[in-house]
Amino acid sequence: MASLTLPRHTGFFSGSLPTRPTLRYAAPVKVRMSLSESGPSIAVVGVTGAVGQEFLSVLSDRDFPYRSIKMLASKRSAGRRLTFEGNEYVVEELTAESFGGVDIALFSAGGSISKEFGPIAAEKGTIVVDNSSAFRMDEKVPLVIPEVNPEAMHGIKLGTGKGALIANPNCSTIICLMAATPLHRHAKVLRMVVSTYQAASGAGAAAMEELEQQTREVLEGRPPTCKIFKQQYAFNIFSHNASVLSNGYNEEEMKMVKETRKIWNDKDVKVTATCIRVPVMRAHAESVNLQFESPLHEDTARDILKNAPGVVVIDDRKANHFPTPLEVSNKDDVAVGRIRQDLSQDGNKGLDIFVCGDQIRKGAALNAVQIAEMLL
Ligand SMILES: NC(=O)c1ccc[n+]([C@@H]2O[C@H](COP(=O)([O-])OP(=O)(O)OC[C@H]3O[C@@H](n4cnc5c(N)ncnc54)[C@H](OP(=O)(O)O)[C@@H]3O)[C@@H](O)[C@H]2O)c1
């Protein structure tokens with residue numbers, strides 16, 4: 001059996017790490033025992049990917065109880081070994097037979113895999129928490145951020161023998177709504193204008209490798225290798241690589257528009273977004289402009305955000321210190337700063353904020369594990 005060469009951000013595979021540059025974003029390897037007779041049996045689908053590896057990290061960090069855990073990926077990875085919480089596991093190929101006896105499956109293997117295997121798993125009684133966009137806009141599937149709309153999961157329970165699909169929102173939507181929702185609850189958002197600065201990690205482990213490789217190539221005066229993105233990524237920014245639709249928005253931008261309406265259960269909220277890739281390794285940043293129905297003073301907004309679960313305020317005007325992707329990398333909380341009254345809106349009815357969040361963590365794995373915790 002081959003052991004898997006580590007993507008650099010993982011702490012679980014056996015095998016040797018490639019030489020790494022100074023930037024570090026590896027979660028520390030922990031040996032904890034969350035194995036418990038009474039815990040659910042779980043499966044991680046896409047365990048070799050960027051999100052899949054973070055699932056393991058988050059499960060371990062949060063001492064998520066489990067009776068057994070199955071590590072699933074494609075045929076390419078089948079047979080590779082990985083160590084998790086001191087035990088060695090063999091990665092299995094995902095098939096229709098993978099879900100017998102599995103209570104909760106955390107999916108992060110792409111939309112087509114979710115579409116094919118999610119319903120099969122649910123049919124077998126597994127509760128699927130899916131990270132892809134496959135089911136997000138399906139009316140029957142709850143789209144959940146635990147701090148924002150836990151009520152959407154009403155009626156989904158472990159131990160009933162009934163499977164279900166639950167969707168994790170898009171990473172940019174989660175990060176934005178973690179900060180915007182507490183303000184929305186106070187003064188009702190009528191319109192939201194979002195500009196994103198999205199990291200390589202949002203496009204998976206291979207994109208992170210490409211940014212690293214290109215950075216080295218460009219610094220050495222060599223032409224950059226462009227496999228994941230069509231254009232040079234290192235020392236550049238470009239419009240998000242998602243497909244551009246006939247209305248001129250790309251799919252990533254439309255996710256923000258549609259998912260916000262579903263999560264807030266508000267068909268009327270006006271949302272527009274411009275999504276941009278920046279050569280940051282991990283964690284997204286977003287500039288968010290909000291227009292409210294009722295006045296909301298920036299001081300009140302700052303207090304609301306300071307008390308919001310999963311949110312930390314970094315808003316030091318004197319020191320010019322505000323959230324950065326590096327500061328939130330590998331962190332659970334979403335950071336908010338640049339909290340200021342929008343001068344272009346009368347009557348204190350507008351605010352500008354700047355938000356940063358680790359989108360592999362709160363934007364994907366952590367949010368999914370929090371959903372799974374709500375099932376326990
Ligand atoms: N990265 C993020 O920040 C983020 C955030 C939110 C949502 N998501 C979503 O999560 C999903 C995975 O993203 P990622 O960034 O982790 O991608 P990734 O690093 O490219 O990992 C993809 C994973 O899917 C597995 N896979 C591919 N084809 C498969 C197949 N036929 N059967 C079973 N497993 C298969 C891969 O296994 P092999 O190693 O065997 O190929 C790998 O484990 C995507 O739907 C993405 O949109 C990602």
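Counting from 1, the numbers follow the sequence of the chain as shown. Indexing begins at 1, ligand by ligand and atom by atom, following the structure's order.
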Side-chain contact test, heavy atoms from C-beta onward, threshold under 4.5 Å: evaluate it for [X] versus [Y] and give yes or no.
X: Thr196; Y: Glu253; result: no
X: Arg361; Y: Val58; result: yes
X: Ile276; Y: Ser195; result: no

TODO: Examine ligand 1 and decide if any of its atoms is less than 4.0 Å from a heavy atom belonging to Ala206.
DONE: no

Task: Distance from atom 41 (O) of ligand 1 to nearest protein heavy atom, with residue and atom - done: Arg76 NH2, 2.8 Å

Task: atom 26 (N) of ligand 1: the protein heavy-atom neighbour that sits closest, reported with distance to 0.1 Å - done: Ala109 CB, 3.9 Å

Task: atom 44 (C) of ligand 1: any protein heavy atom closer than 4.0 Å - done: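 It does; a protein heavy atom is within 4.0 Å.
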
Task: Under the salt bridge (charged side-chain N to carboxylate O under 4.0 Å, His left out) test, residues paired with Arg317 that sit two or more places apart - done: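 Scan of Arg317 (salt bridge (charged side-chain N to carboxylate O under 4.0 Å, His left out), adjacent residues dropped) gives Glu298.
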
I'd like to check which ligand 1 atoms, numbered from 1 as shown, lie under 4.0 Å from a non-hydrogen atom of [X].
X: Ser201; result: 1 (N), 2 (C), 3 (O)
X: Val47; result: 43 (O)
X: Ala364; result: 5 (C), 6 (C)
X: Thr48; result: 36 (C), 37 (O), 38 (P), 39 (O), 40 (O), 42 (C), 43 (O)
X: Gly110; result: 11 (C), 44 (C), 45 (O)
X: Ser132; result: 45 (O)
X: Gly363; result: 6 (C)

Name every donor-acceptor pair, under 3.5 Å, that has one atom in a side chain of residues 35-46 and the other anywhere in the protein, sequence neighbours excluded.
from  : atom 1 : to     : atom 2 : distance (Å)
Ser36 : OG     : Ser38  : N      : 3.3
Ser36 : OG     : Ser38  : OG     : 3.3
Ser36 : OG     : Gly39  : N      : 3.1
Ser41 : OG     : Gly101 : O      : 2.5
Ser41 : OG     : Asp103 : N      : 3.1
Ser41 : OG     : Asp103 : OD2    : 3.4

- [ ] Please say whether more than 12 non-hydrogen atoms of neighbouring residues, nucleotides or ligands are located less than 6.0 Å from CG in Leu219.
- [x] yes

Task: Glu212 with Arg216: basic N within carboxylate O range, under 4.0 Å - done: yes

